[in-house]
Amino acid sequence: MTARRDPAGALGPAFCRRPAEDVARGLLGAWLVSTIGGETAIGRIVECEAYLGPHDPASHAAERIGRTARNAAMFGPAGRAYVYRIYGLHWCLNVVTGTVDVPAAVLIRAIAPVEGMAVMRTRRSARPELPDSALGRGPGHAACALGITGALDGHALQRPPLLLARGQPVPDTDVDRGPRVGVTRAKDWPLRFWVRAHPAVSRR
DNA sequence: GAAACGATTATCT
DNA sequence: GATAATCGTTTCA
């Protein structure tokens with residue numbers, strides 16, 4: 001149990017400094033360990049999407065947009081969090097990749113609860129009949145279940161209250177990829193990765 | 001300063 | 001399947 005939270009198992013800047021596409025694939029199976037609010041909640045990443053550099057028109061840091069107050073974290077060092085609010089009501093968590101001044105990130109689209117289901121249910125205001133697998137299904141849900149808000153924008157993911165751990169790697173035979181969800185530009189780029197047939201993956 | 005839209009989700013039919 | 005909720009960010013005047 002203690003080993004799960006061992007910082008030695010953390011995925012650091014070296015892991016995240018690679019191209020977003022590679023990091024996204026590598027993040028499948030990794031753990032997000034949240035101790036936000038003093039409550040421990042752990043989620044295993046089962047779905048995520050890569051947003052490449054300025055040449056990716058779907059990115060919040062696409063060349064036509066440039067650096068803004070919102071996307072500033074994407075221009076920072078790899079291994080930090082980029083958290084933004086979507087549709088005025090939900091928070092979404094990204095892991096920053098690439099190098100300083102080159103904006104790229106991986107959107108965490110779904111997590112499977114590993115520990116802390118009780119606090120996840122409270123945060124989600126989940127009905128009792130909702131299965132555990134639905135607690136972190138979808139980017140807004142995943143962030144909500146882990147207690148993530150805009151306060152963590154720019155947070156280094158190698159230390160509490162939110163860190164990335166190596167978790168349980170997923171073999172290539174269990175990984176599917178396809179177009180990203182909800183984007184209108186570059187809609188056919190196959191940059192969404194997920195664990196095949198996993199119940200916590202969104203839009204199955 | 002005003003308007004449109006969005007890397008979504010809940011709820012209703 | 002369709003639509004409302006809800007507001008920060010971007011874009012355009």
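Reminder, nothing fancy here: chain letters follow the sequence lines and each chain counts from 1.
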*Interatomic distance where CG belongs to L52(A) and P belongs to dA7(B) [whole Å]*: 15 Å
*Touch check for R124(A), heavy atoms < 4.0 angstrom, all strands: base, sugar-phosphate only, or nothing?*
sugar-phosphate
*Using a cut-off of strictly less than 4.0 Å, decide whether R109(A) has a side-chain nitrogen or oxygen near OP1 or OP2 of dT8(B).*
yes
*What is the distance, rounded to the nearest whole Å, between atom CD of E47(A) and atom C1' of dT8(B)?*
13 Å
*From the options dG6(B), dT9(B), dA7(B), select the nucleotide whose nearest atom is closest to the side chain of H141(A).*
dT9(B)
_Presence of salt bridge, E21(A) and R177(A), under 4.0 angstrom_ = yes
_D188(A) CG - dA7(B) C1' separation (whole Å)_ = 16 Å
*To the nearest Å, give me how far apart CZ (R64(A)) and P (dG6(B)) are.*
10 Å
*E49(A) CD to dT8(B) C1': how many Å, rounded?*
12 Å
*Could you give the CG-to-C1' distance, from L89(A) to dC5(B), as a whole number of Å?*
14 Å
*To the nearest angstrom, how far is L130(A) atom CG from dT11(B) atom P?*
11 Å
*Would you say the side chains of S202(A) and E47(A) form a donor-acceptor pair under 3.5 Å?*
yes
*Look at H60(A) and dA7(B) and indicate whether a side-chain polar atom (N or O) is within less than 4.0 Å of OP1 or OP2.*
yes
*Provide the start and end nucleotides, 5' to 3', of the part of DNA chain C that has atoms under 4.0 Å from heavy atoms of chain A.*
dT6(C) to dT10(C)
*asked:* Do L107(A) and I86(A) land in one hydrophobic cluster if side-chain heavy atoms of ILVMFWY residues count as linked below 4.5 Å?
replied: yes
*asked:* Tell me whether D153(A) contacts the main-chain N or O of V83(A) through its side chain, where contact means a donor paired with an acceptor under 3.5 Å.
replied: yes
_Candidate pair R192(A) and D176(A), rule salt bridge (Lys or Arg N to Asp or Glu O under 4.0 Å), full reasoning_ = CA-CA 8 Å; R192(A) 174 180 176 230; D176(A) 275 349; over 6 Å; no
_Paired and unpaired positions of DNA chain C as dot-bracket, Watson-Crick or G-U wobble under 3.5 Å, | denoting a partner strand_ = |||||.||||||.
_Once you apply a heavy-atom cut-off of 4.0 Å, does R70(A) come out as touching a base, just sugar-phosphate, or nothing?_
sugar-phosphate
*Using whole Å, report how far OH of Y51(A) lies from P of dA7(B).*
7 Å
*Check whether the ring centres of H60(A) and Y84(A) lie less than 6.0 Å apart, and answer yes or no.*
yes
*Residues E49(A) and R109(A) bridged, charged N to O under 4.0 Å*: yes
*About how many Å separate CG of L163(A) and CG of L11(A), when rounded to the nearest 0.5 Å?*
9.5 Å
*Verify the distance criterion only: is there a donor paired with an acceptor across the side chains of R124(A) and H141(A) at less than 3.5 Å?*
yes
